[in-house]
Amino acid sequence: MNASARSAVAVCPGTFDPVTNGHVDVIERAAVHFDQLLVACLRNVGKKPLFELERRVELLSSATAHLDNIEIATFDGLLVDFCRQRDVRIVVRGLRAVSDFESELEMAQMNHTLADVETFFVATSPLHSSLSSTLVKEVARFGGDVTPFVPSAVNHSLRTQFAGKGTRHE
Ligand code: PNS
């Protein structure tokens with residue numbers, strides 16, 4: 001790639017079901033380095049998300065409202081197709097631990113092979129290294145307090161979603 005192809009835009013993709021403080025940390029830190037950061041939310045029917053795509057987008061929008069160079073977008077299918085449509089060549093992903101590395105490396109290599117898309121990794125803050133949307137949902141489902149792990153609107157949505165559905169002692 002020559003210098004004229006340099007990009008001021010990157011995409012930060014994910015399922016964001018729901019967005020956590022770990023995601024927000026990665027988004028904030030990536031946003032510093034690009035003119036624009038597209039946060040791309042995958043519909044991901046395969047994963048049977050807890051929240052509809054529209055709700056995940058609303059929660060992402062409110063969690064990133066303090067950043068002025070973010071656009072929340074949605075996509076279905078291959079990430080590289082979204083990248084092509086939006087003419088973006090850089091993907092940003094957070095790396096929490098070595099356990100993330102293998103699958104992230106596979107995706108990065110595949111995306112590069114498919115479409116010359118480069119992946120930049122942000123090392124997650126140690127504060128968030130054990131945090132995942134899956135764990136947050138599990139804790140919230142059984143009445144645990146996820147206040148430290150998610151933006152307040154997400155916390156509220158999780159409480160509403162699970163109200164009366166789970167108990168700690170089942
Ligand atoms: O938040 P997640 O679930 O860890 O994000 C994973 C995501 C959405 C980045 C990844 O699954 C993805 O890009 N899916 C789109 C389909 C695709 O392009 N698959 C091939 C990747 S090599």
Side-chain angles (χ1 to χ4, degrees), residues 1 7 9-31 33-34 36-64 67 70-141 146 148-151 153-155 157-158 161:
M1 184 182 296
S7 175
V9 184
V11 58
C12 184
T15 306
F16 302 110
D17 182 43
V19 59
T20 67
N21 291 344
H23 292 126
V24 175
D25 175 50
V26 170
I27 292 167
E28 284 174 345
R29 287 163 57 201
H33 299 282
F34 298 94
Q36 193 190 26
L37 185 68
L38 299 176
V39 179
C41 191
L42 176 66
R43 184 173 291 278
N44 215 346
V45 282
K47 275 199 181 175
K48 289 203 170 58
L50 175 67
F51 292 106
E52 295 294 329
L53 181 65
E54 293 67 26
R55 186 70 188 133
R56 284 181 274 141
V57 166
E58 282 171 7
L59 293 171
L60 266 171
S61 298
S62 78
T64 57
L67 301 170
I70 300 286
E71 177 189 333
I72 312 293
T74 63
F75 75 109
D76 221 344
L78 288 179
L79 177 60
V80 290
D81 288 335
F82 174 81
C83 291
R84 277 196 198 100
Q85 282 156 21
R86 300 298 296 257
D87 198 20
V88 182
R89 297 247 178 80
I90 298 173
V91 167
V92 177
R93 291 281 289 169
L95 266 187
R96 289 168 298 190
V98 175
S99 50
D100 280 343
F101 184 73
E102 199 171 326
S103 58
E104 291 296 336
L105 181 66
E106 282 174 8
M107 282 198 287
Q109 289 173 331
M110 181 59 79
N111 288 334
H112 185 256
T113 304
L114 289 173
D116 221 6
V117 165
E118 297 288 0
T119 300
F120 292 4
F121 292 110
V122 173
T124 301
S125 158
L127 276 177
H128 307 304
S129 61
S130 305
L131 184 55
S132 71
S133 299
T134 304
L135 263 186
V136 160
K137 284 181 284 190
E138 174 92 356
V139 172
R141 184 184 303 274
V146 295
F149 312 126
V150 292
V154 173
N155 196 2
S157 284
L158 284 166
Q161 190 77 21

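Every number for a ligand or one of its atoms is a count from 1 in the order of the listing.
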**Request:** Among all protein heavy atoms, pick the one closest to atom 20 (C) of ligand 1 and tell me residue, atom and distance.
**Result:** Leu78 CD2, 4.0 Å
**Prompt:** In terms of residue, atom name and distance, what is the protein heavy atom nearest to atom 10 (C) of ligand 1?
**Reply:** Met107 SD, 3.7 Å
**Complete:** The atoms of ligand 1 lying under 4.0 Å from a heavy atom of Gly77, numbered in the order shown, are 15 (C), 16 (C)
**Any donor-acceptor N or O pair under 3.5 Å, side chains Asp25, Ser125** = no
**Ring geometry between Phe34 and Phe120 (parallel below 30°, tilted from 30 to 60°, perpendicular above 60°)** = tilted
**Message:** Please list, in number order, the atoms of ligand 1 under 4.0 Å from a heavy atom of Thr15.
**Reply:** 1 (O), 2 (P), 3 (O), 5 (O)
**Request:** Between Asn111 and ligand 1, find which residue part has any heavy-atom pair under 4.0 Å and reply side chain, backbone, both or neither.
**Result:** side chain
**Item:** Check: Val11 and Cys83 side chains under 4.5 Å, non-hydrogen atoms
**Value:** yes
**Asked** Thr20 versus Val154: any side-chain heavy-atom pair under 4.5 Å?
**Response** no
**Prompt:** Step by step, would you call Val39 with Phe16 a side chain to side chain contact (heavy atoms under 4.5 Å, CB included)?
**Reply:** CA-CA 10 Å; Val39 179; Phe16 302 110; 3.8 Å; yes
**Asked** What's the verdict on side chain to side chain contact (heavy atoms under 4.5 Å, CB included) for Ser132 and Arg96, showing C-alpha distance, side-chain angles and the deciding distance?
**Response** CA-CA 9 Å; Ser132 71; Arg96 289 168 298 190; 3.2 Å; yes
**Message:** Show me which atoms of ligand 1 lie under 4.0 Å from any heavy atom of Phe75.
**Reply:** 15 (C)
**Asked** Do Leu59 and Ser157 come close enough that some side-chain heavy atom pair is under 4.5 Å?
**Response** yes
**Item:** Numbering as shown, the atoms of ligand 1 that approach Met110 to under 4.0 Å (heavy-atom distance)
**Value:** 22 (S)
**Shortest protein contact, atom 18 (O) of ligand 1 (heavy atom only)** = Leu79 N, 2.8 Å
**Heavy-atom nearest neighbour in the protein, as seen from atom 8 (C) of ligand 1, with distance rounded to 0.1 Å** = Leu42 CD2, 3.6 Å
**Message:** With a 4.0 Å cut-off on heavy atoms, is Arg93 in contact with ligand 1?
**Reply:** yes
